[in-house]
Amino acid sequence: YQRRVHGTLSECLFFFAMQHLFHKPTVQEQVRQSDRTLRASGRDLDRERARLQQQEQHIKAEIKKAVKANNQAGAKVLAKSLLQCQQQQQKLLQTKTSMQSVSANVHSAAAAHKMSEAMGSAAKVMGQMNEAVKPQQVQQTMMQFERQSQMMDMKQEMVSDGIDAAFADEFEDGETDAVVDQVLDELGIELHT
């Protein structure tokens, strides 16, 4: 039975090793792993600090006993030990603060990496668009549009001139003036020209 378990365990370890050998973790996985590691280290530091606080309380009690027993030399040695314990607690707090700073830096670097990836994707899309839009083809299209627009304007002007000419030939300028004068006379209006 032990041999079978050992064989299965070794197979699992081999599979796990092979999987991690060929799999490069993503940035997000690396951030998660660093968070786990930093949290575990932070808990270890908190436990050590709690142990040192208990030790500090114990040393204070021992100092009180030494003073009551009139043991000044022992009280001084214990006081030095108390100071060392307090200094160690301060160092642990500084270390924990440094680890929190490292965590913030890791998250900042991950955000910068994501931003870099996003900018890379945007640049790729912009490159594809630049490849799709061919300046010479756009220029040719615009020139063709301008020619067609000019041709349309010329045709419209020719049609307009043709209509004006058709109606101008029907009525001579003298005939229209005579009709206008007759209407004005009937109305009793006199124009001074």
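We're numbering straight along the sequence, starting at 1. Everything numeric here is computed off the predicted structure, so don't read it as measured data.
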For the pair R147 and Q144, evaluate side-chain contact (heavy atoms from CB on, under 4.5 Å) and give the outcome as yes or no after the intermediate values.
CA-CA 5 Å; R147 280 193 303 266; Q144 185 179 7; 3.8 Å; yes

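Remark: K80 engages no residue in a salt bridge (charged side-chain N to carboxylate O under 4.0 Å, His left out) (not counting sequence neighbours). By the side chain to side chain contact (heavy atoms under 4.5 Å, CB included) test, Q28 pairs with T26, R32, sequence neighbours left out.
As a member of the Ile/Leu/Val/Met/Phe/Trp/Tyr network built from side-chain separations under 4.5 Å, M143 groups with nothing else and remains a singleton. Counting Ile, Leu, Val, Met, Phe, Trp and Tyr side chains that sit under 4.5 Å apart, directly or through other members, I63 shares a hydrophobic cluster with I59, V67, L78, L82. Counting side-chain heavy-atom gaps under 4.5 Å among Ile, Leu, Val, Met, Phe, Trp and Tyr, L93 is found in no cluster with other residues.
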Can you give me every donor-acceptor pair (side chain of residues 70-77, partner residue at least two apart or in another chain, under 3.5 Å) with its distance?
from : atom 1 : to  : atom 2 : distance (Å)
N71  : OD1    : G74 : N      : 3.0

If you look only at distance, which donor and acceptor atoms sit under 3.5 Å apart when one is on a side chain in residues 119-142 and the other is two or more places apart or in another chain?
from : atom 1 : to   : atom 2 : distance (Å)
S121 : OG     : E117 : O      : 3.2
N130 : ND2    : M126 : O      : 3.4
K134 : NZ     : E131 : O      : 3.2
T141 : OG1    : Q137 : O      : 2.8

Donor-acceptor contacts under 3.5 Å from residues 35-57 side chains, at least two apart:
from : atom 1 : to   : atom 2 : distance (Å)
D35  : OD1    : H107 : NE2    : 3.1
D35  : OD2    : H107 : NE2    : 3.0
R36  : NH1    : Q33  : OE1    : 2.8
T37  : OG1    : Q33  : O      : 3.0
T37  : OG1    : Q33  : NE2    : 3.4
S41  : OG     : T37  : O      : 3.0
D44  : OD1    : R47  : NH2    : 2.2
D46  : OD1    : K96  : NZ     : 2.8
D46  : OD2    : K96  : NZ     : 2.8
E48  : OE1    : R51  : NE     : 3.3
E48  : OE2    : R51  : NE     : 3.3
E48  : OE2    : R51  : NH2    : 2.3
E56  : OE1    : Q89  : NE2    : 2.9
E56  : OE2    : Q86  : NE2    : 2.9

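Atom-to-atom distance recorded for L92:CG and Q87:CD is 12.0 Å, nearest 0.5 angstrom.
Of the possible donor and acceptor atoms, none in the side chain of S116 sits under 3.5 Å from a partner among the backbone N and O of A112.
Counting heavy atoms from C-beta outward, S101 and T97 have side chains that stay 4.5 Å or more apart.
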